[in-house]
Undergrad: 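I'd like to ask you about the structure that follows.
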Amino acid sequence: MNDMTLVGKNVDTRNIKISARAVQVYYGDTHAIKDVDVDIESNTVTAFIGPSGCGKSTFLRCLNRMNDTIDICRVEGQITLDGEDIYDPKVDPVQLRAKVGMVFQKPNPFPKSIYDNIAYGPRIHGLARNKAELDEIVEKSLRRGAIWDEVKDRLDAPGTGLSGGQQQRLCIARAIATEPEVLLMDEPCSALDPIATAQVEELIDELRQSYSVVIVTHSMQQAARVSQKTAFFHLGNLVEFGETGQIFTNPEDPRTESYITGRIG
Amino acid sequence: MPTFWLVVALFALSAAGFFLGRQRALQAAGGDARQLHSLPSYYGLNVALTSLVPALGVLVIWLFAQPMIIESTVSGMIPDDLIPEATTRGLVMSDVRRVAEGLDTAIAQGAMTRDEVNTISTDDTDVRARLGEVGVALGSEVRSEVLSAAQRYRRMSQTGAVWMSIVVAVLAIAGLALAYLKTDKDFRARNTVERGILLLLLLAASIAILTTVGIVLSMLFETMNFFSLHSWKDFFFGSTWAPNFRGDSELSILPLLWGTLYISVVALLVAVPIGLFAAIYLSEYASYTVRSFAKPLLEILAGIPTIVYGLFALLTVGPALVKVFGRGEDGLLGVEWMSGATSVLTAGLVMGVMLIPFVSSLSDDIINAVPQTMRDGSLGLGATKSETVRQVVLPAALPGIVGAILLAASRAIGETMIVVMGAGAIAKFSGNPLEAMTTITTRIVSQLTGDTDFASPETLVAFALGLTLFVLTLGLNIFALYIVRKYREQYE
């Protein structure tokens, strides 16, 4: 019975995974995010676009409470994951971050072997019962990160020795290895060349099958290519949120149109 | 001319050169500084430096070289049979210098005339008595060879000084004239001065390096002297340190090395965990306010003179340890393991406290240098702060931390005052940390203080000890720097 509902949910693409209501973020005295409401759906790529400093990365970091690590940052409002308030005092941010994985702007492999990079998450969360299971998780994650063929012969080599694009796919594979439900990506391609970018974009599209993906990007073409939903942020406000096709072809707000056509930003 | 006035004259000349050069440049440009290649002061500086630097350089070299040359010439005048048993040529030469100085004093006080000084001989004059009248006391009768050597020494010094003044003055004036004549509105004074300054900086750097080389060489020669008097096998492989003045001392470094290493290890056992944990707290957990207070406070520890730590060891830590581990029934543990305040543990604990800021400050810098993206990456995967520190930050910082520990170790090995006051003076192999033990540095101090005779192996052994210590700490430092450099690049 339970399984049935789960299957039913997966089929329903309108299923809301994360819901944010009246979110305010303050850095000290600066009001960085003003009253943002967004719904992130399952099996969807949601893109956050907007000019630099508009708060899109800040908002992204609210979704897995990474802003907790910044002393002067204060978050108000309600953000729920599967209907559960993630800022509730009972919620352990460490557990939350295991469910909501994150990939950063700059590839940041740990100074460990490729294998240990991937095994890092499963090890701290105790996901594998033995070495064989861990090997399996590592291989599966590397395959889903579309980097297995390139590194399978040198799993013991340091992750820092890979090229930029490979490092970023390694980081994505590392995030996948902890079996998250949502994957947050903060400008994952900004440090990559066009070929590596294309590989990562392809990967993002595949990841949509299993996760809900939120991607912050500076490139509007990228947002148009990979996302189904797009949110446009400007000066800390969520200006417009809707179907990607709708936003790019027929925006409602004049600011969105100005940004997309290159007049502001 | 006394050297002091010579130097003053050089500076005055170069100051005059500055204004002359400046003026000539302005004149060449018809009073309009915009016509010049460089700012007017560069022309002045060019003249000043060209006149000052070579002259000053020659002066310095001359001052060092002249006594050496004179000494080697004069010492050839003294026949071998004049050197008494158990002394050296150097001792006779110091007699010669003393007589020469005495003769100078006699002239200055008017007790002798210049001619008299140059012509007196031991046959018709009691030189010792005559010099005694002017306040120069000599230990023994002046022999004719010594007197003539002293007269020669005086003459050569005088001629040398005259020539030095002439050469230096000529150089200064020639430099000034050359630079002055070259001054012209198209002369690139700015570039020339730039090159001159580069040379000055290079000189400063080479002086620092040459001093190090000089120190090592002087140690090396004394060490070679020591090994010609004492067997190197006993020094490196013997088992006993027992200097005496009967001539059959056993001077082995091993018991001292054991004490040094033992105390250093105790010190590191104290300093490394405390320092490292303090660094982790400061860099990863402490809020900005706590950090801005705690870090400078911790670093104050590094500014305390080691003699103060020594007092702390002797007056506070030692007696406290005796109270715990000694005094039989009256002690805290009721045992009689420790009799005096000085022990390996006393010195080690206090030295450990001294090393805490070294370890913590360096480690803190290194941990801070680990990129924030590493921490974000780990936290973003759902790791806790301590998991992040243990599994990502520390491994990334490890090479640097190892380097910091090795640097602390080389400090510990070379530390002197704390061990002089806290460790005791007994050279032995023992594993008991509550016993007094001694270290290489302590022995160097005790072998060289008090009445010393620089011809006996008991004194010269200090140089061999010092050189060994130097090689040891140098090796540790090089190894530490190698490790730090080798792994640093990886994370940038």
Side-chain angles (χ1 to χ4, degrees), chain A residues 57 60-61 63-72 92-113 116-127 141 158-161 167-168 170-180 183-186 191, chain B residues 276 280-295 363-404 482-492:
Chain A
S57 288
L60 188 76
R61 290 168 66 97
L63 301 181
N64 68 345
R65 293 186 62 175
M66 275 303 276
N67 283 333
D68 289 16
T69 59
I70 299 167
D71 288 336
I72 55 164
D92 178 6
V94 169
Q95 289 301 320
L96 171 74
R97 288 185 204 132
K99 274 198 263 179
V100 184
M102 189 158 192
V103 175
F104 296 84
Q105 187 170 352
K106 234 180 103 190
N108 58 348
F110 301 136
K112 300 168 180 287
S113 71
D116 286 339
N117 261 286
I118 304 294
Y120 184 82
R123 274 185 183 139
I124 41 179
H125 297 297
L127 297 184
S141 308
T160 41
Q167 286 190 11
Q168 193 62 301
L170 179 72
C171 291
I172 294 173
R174 186 176 71 187
I176 295 169
T178 50
E179 299 286 339
L183 203 53
L184 308 178
M185 299 181 152
D186 189 355
Chain B
L276 196 55
I280 291 173
Y281 171 74
L282 283 180
S283 59
E284 297 291 323
Y285 290 90
S287 71
Y288 178 76
T289 7
V290 173
R291 191 181 147 84
S292 62
F293 274 106
K295 201 172 177 197
S363 310
D364 180 56
D365 291 344
I366 289 154
I367 291 174
N368 271 328
V370 174
Q372 182 61 33
T373 55
M374 292 288 171
R375 296 184 186 90
D376 283 350
S378 172
L379 293 172
L381 288 172
T384 63
K385 206 146 190 174
S386 76
E387 283 166 345
T388 304
V389 169
R390 246 183 308 128
Q391 301 194 25
V392 176
V393 177
L394 283 188
L398 192 64
I401 292 172
V402 170
Y482 166 77
I483 287 191
V484 170
R485 286 217 189 115
K486 181 171 176 199
Y487 294 95
R488 175 154 296 168
E489 303 135 15
Q490 231 171 320
Y491 315 111
E492 280 168 3

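By convention in this document, chain letters (A, B, ...) are assigned in the order of the sequence lines, proteins followed by strands, and residues within each chain are numbered from 1.
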Undergrad: Counting only N and O atoms by type, is there a donor-acceptor contact under 3.5 Å from the side chain of B:S378 to the main-chain atoms of B:R375?
TA: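 Side chain of B:S378 to backbone of B:R375: no pair is present.
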Undergrad: Go through the atoms of A:V103 and report whether side chain, backbone, both or neither lie under 4.5 Å from a heavy atom of chain B.
TA: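 Answer is neither: A:V103 stays 4.5 Å or more from chain B.
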Undergrad: Do you know which of A:K106, A:K99, A:Q95, A:K112 has the most heavy-atom pairs under 4.5 Å to chain B?
TA: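 Looking at each option in turn, the highest pair count goes to A:K112.
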Undergrad: Determine yes or no for a side-chain-to-main-chain donor-acceptor pair under 3.5 angstrom, with A:Q167 supplying the side chain and A:T160 the backbone.
TA: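 Flag set: sc A:Q167 to bb A:T160 pair under 3.5 Å.
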Undergrad: Examine whether an atom of A:P109 lies under 4.5 Å from a heavy atom of chain B, and if so say whether it belongs to the side chain, the backbone or both; otherwise answer neither.
TA: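 When you check distances to chain B, only backbone atoms of A:P109 fall under 4.5 Å.
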Undergrad: Is A:R174 in contact with chain B via its backbone, its side chain, both, or neither, using a 4.5 Å heavy-atom distance?
TA: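 Contact with chain B is through both the backbone and side chain of A:R174.
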Undergrad: For A:F110, is it the side chain, the backbone, both, or neither that has a heavy atom closer than 4.5 Å to a heavy atom of chain B?
TA: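 Both parts, backbone and side chain.
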Undergrad: Donor-acceptor pair, B:E387 side chain versus B:L379 backbone, under 3.5 Å?
TA: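 No; zero donor-acceptor contacts below 3.5 Å.
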Undergrad: Under 3.5 Å, is there a donor-acceptor pair between the side chain of A:R97 and the main chain of A:R65?
TA: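 Present.
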Undergrad: Quick one: pull up NZ in B:K295 and CG in B:D364 and give me the separation to the nearest 0.5 Å.
TA: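 Reported value, rounded in 0.5 Å steps: 4.0 Å.
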